[in-house]
Chemist: 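Let me begin by handing over the structure; questions about it come next.
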Amino acid sequence: MKKLTDKLFGGLKMSWLNVILFAVATAGYTAAMMIFVRPIDLSFRDIGATFECWILFAIIIMTNCKKPLESALKTFVFFLISQPLIYLFQVPFSEMGWGLFGYYRYWFIWTLLTLPMAFVGWYLKKRNWVSVLILSPMLLLLAMLGVGFIQSAIKNPPYHLLSGIFCFAQIILYAFALFDKKRDKILTLVISALCVIGILIPVFINGGSVAETMMIVSLEDDVTSSAVVTLEDEDFGRVETSLDGEMKVARIFTAVDREKSTVLTVKDGDKIYKYRVSVFYVENTFGTDVKLVE
């Protein structure tokens with residue numbers, strides 16, 4: 001096991017060609033997960049929305065570079081190629097088409113930030129207590145993601161369970177693979193444990209409640225006050241309507257605890273309108289989307 005981790009974090013040939021091939025391969029895999037994996041709550045799709053896998057990829061690149069500047073440039077190029085390719089590969093299969101690139105601006109900002117972060121991240125190779133401090137922000141992010149995924153799995157089993165396990169497995173992997181001294185291994189685990197405790201405190205204070213958001217669906221002008229508005233999946237949330245005034249709207253109240261999607265149906269006599277309503281991950285937070293589909 002030690003030989004394997006030493007190979008992974010310092011024993012690979014990280015040439016420019018390998019960086020580019022790595023970027024294309026991870027982009028292709030991610031796009032395939034987003035296109036073909038259903039339902040949308042499965043852990044395999046999380047790679048297209050959250051950071052846990054990309055943290056691992058970045059650390060692999062950084063620890064296999066010989067100089068800090070090389071680490072910064074190669075990590076930057078890896079993200080510069082992989083992230084737009086993910087959207088490009090999905091364009092022919094998505095209803096949004098080229099509109100998918102509207103989500104890329106978030107990843108482009110993070111791509112730019114990889115330059116300074118990967119420069120500093122190269123010093124993980126020093127395998128000392130300073131390396132532990134450098135790793136700490138990634139430990140915090142993994143703890144946040146892991147707790148969130150496990151919460152989702154508890155509330156809606158088994159969705160995102162594998163992603164939660166993967167986050168905490170990474171923390172353990174880094175503690176034992178990136179550091180040689182027992183002191184540094186223990187310090188990494190202690191920092192991670194404190195991060196998890198800090199994240200869980202407000203959860204227990206709030207009684208484990210999940211944040212709720214309101215989605216507003218603007219209905220067609222010819223919808224009358226006698227229209228019947230329903231959600232195809234009743235577990236998605238609850239609906240309130242305002243159909244008497246000039247603005248005809250449906251308000252959907254839903255828990256933002258996982259990715260999910262359903263259809264809002266508006267039946268008004270012989271007229272039927274259907275809207276696809278979705279909750280999805282964007283940059284470690286939740287976004288919502290409403291689209292008229294029929």
Chemist: Give me the atom names and distance for the closest heavy-atom approach of Leu178 to Arg127.
Modeler: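 Closest heavy-atom pair between Leu178 and Arg127: O-CG, 2.9 Å.
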Chemist: Can you check whether Ser163's main-chain N or O pairs, donor with acceptor, with Ser43's side chain at less than 3.5 Å?
Modeler: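 Answer holds: yes.
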Chemist: Do the side chain of Asn64 and the main chain of Leu12 share a donor and acceptor less than 3.5 angstrom apart?
Modeler: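 Yes, because the side chain of Asn64 sits within donor-acceptor range (under 3.5 Å) of the backbone of Leu12.
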Chemist: May I have the step-by-step check of side chain to side chain donor-acceptor pair (under 3.5 Å) for Arg251 and Thr241, ending in yes or no?
Modeler: CA-CA 6 Å; Arg251 299 179 183 86; Thr241 59; over 6 Å; no
Chemist: I'd like to know if the side chain of Trp98 reaches the main chain of Val91, judged simply by a donor and an acceptor atom lying under 3.5 Å from each other, with no hydrogens or angles considered.
Modeler: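 Answer holds: no.
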Chemist: Are Ile86 and Tyr104 side-chain neighbours, meaning at least one heavy-atom pair lies under 4.5 Å?
Modeler: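 Counting from C-beta outward, Ile86 and Tyr104 never come under 4.5 Å.
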Chemist: Taking Ser71 for the side chain and Ala118 for the main chain, is one N or O donor matched with an acceptor at less than 3.5 Å?
Modeler: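 Between the backbone of Ala118 and the side chain of Ser71 there is a qualifying donor-acceptor contact (under 3.5 Å).
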Chemist: Checking the side chain of Lys260 only, and the main-chain atoms of Val279 only, is there a donor and an acceptor separated by less than 3.5 Å?
Modeler: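 Answer holds: no.
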Chemist: Between the side chains of Asp222 and Tyr273, does any donor sit under 3.5 Å from an acceptor?
Modeler: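 There is such a pair between these side chains.
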Chemist: Hey, is the main chain of His160 close enough, under 3.5 Å, to the side chain of Asp46 for a donor-acceptor pair?
Modeler: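 Here the side-chain-to-backbone pair does not exist.
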Chemist: Are any side-chain N or O atoms of Ser94 and backbone N or O atoms of Gln90, one a donor and one an acceptor, separated by less than 3.5 Å?
Modeler: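 Not confirmed, Ser94 side chain does not pair with Gln90 backbone.
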Chemist: Please answer whether the main-chain N or O of Arg183 pairs with a side-chain N or O of Trp129 as donor and acceptor at a distance below 3.5 Å.
Modeler: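 It does not hold such a pair.
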Chemist: Check the angle between the aromatic planes of Phe78 and Phe22 and answer parallel, tilted or perpendicular using the 30° and 60° thresholds.
Modeler: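 Because their plane-to-plane angle lies in the 30° to 60° range, the rings of Phe78 and Phe22 count as tilted.
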Chemist: From Phe76 CZ over to Leu113 CG, what is the distance, rounded to the nearest 0.5 angstrom?
Modeler: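 Rounded to the nearest 0.5 Å, the CZ-CG separation comes to 10.5 Å.
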Chemist: Are Glu70 and Lys74 within salt-bridge range, i.e. N to O under 4.0 Å?
Modeler: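 Looking at Lys74 together with Glu70, the answer is yes, because their closest N to O distance falls below 4.0 Å.
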Chemist: What distance separates Ile171 CD1 from Met138 CE, expressed to the nearest 0.5 Å?
Modeler: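 Nearest 0.5 Å value for the CD1-CE distance: 12.0 Å.
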Chemist: For Val147 versus Phe168, what's the shortest heavy-atom pair and its separation?
Modeler: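 Heavy-atom minimum between the residues: N-CZ, 3.8 Å.
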Chemist: Do you know which two heavy atoms are closest between Asp233 and Thr262, and how far apart they sit?
Modeler: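 Minimum heavy-atom contact is N-OG1, 3.0 Å.
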Chemist: Distance to the ring centre below 6.0 angstrom and angle to the axis at most 45 degrees; does that hold for Arg238 and Phe253?
Modeler: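 Judged by the rule (NZ or CZ under 6.0 Å from the ring centre, within 45° of its axis), Arg238 counts as positioned above Phe253.
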Chemist: Taking Asp268 for its side chain and Thr224 for its backbone only, find out whether a donor-acceptor pair lies under 3.5 Å.
Modeler: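 It does hold such a pair.
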Chemist: What are the two closest heavy atoms between Ala23 and Ser82, and how far apart are they?
Modeler: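 Taking every non-hydrogen atom into account, O-CB, 3.5 Å.
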Chemist: Closest approach of Phe179 and Ala175, non-hydrogen atoms and distance?
Modeler: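 Here Phe179 and Ala175 meet closest at CD1-O, 3.7 Å.
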Chemist: Taking C-beta and beyond as the side chain, do Val239 and Thr230 meet within less than 4.5 Å on heavy atoms?
Modeler: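 They are not in side-chain contact.
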Chemist: Fit a plane to each ring of Tyr87 and Phe101, take the angle between them on a 0 to 90° scale, and name the class: parallel (under 30°), tilted (30 to 60°) or perpendicular (over 60°).
Modeler: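 Tilted: the ring planes of Tyr87 and Phe101 meet at 30° to 60°.
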Chemist: For Phe51, which of Tyr106, Trp107, Phe57 qualifies under ring-ring contact (aromatic ring centres under 6.0 Å, His included)?
Modeler: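 The single option meeting the ring-ring contact (aromatic ring centres under 6.0 Å, His included) with Phe51 is Trp107.
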Chemist: Please check this pair: side chain of Thr75 against backbone of Ala72, looking for a donor-acceptor N/O pair closer than 3.5 Å.
Modeler: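 The answer is no, because no donor-acceptor pair under 3.5 Å joins these two groups.
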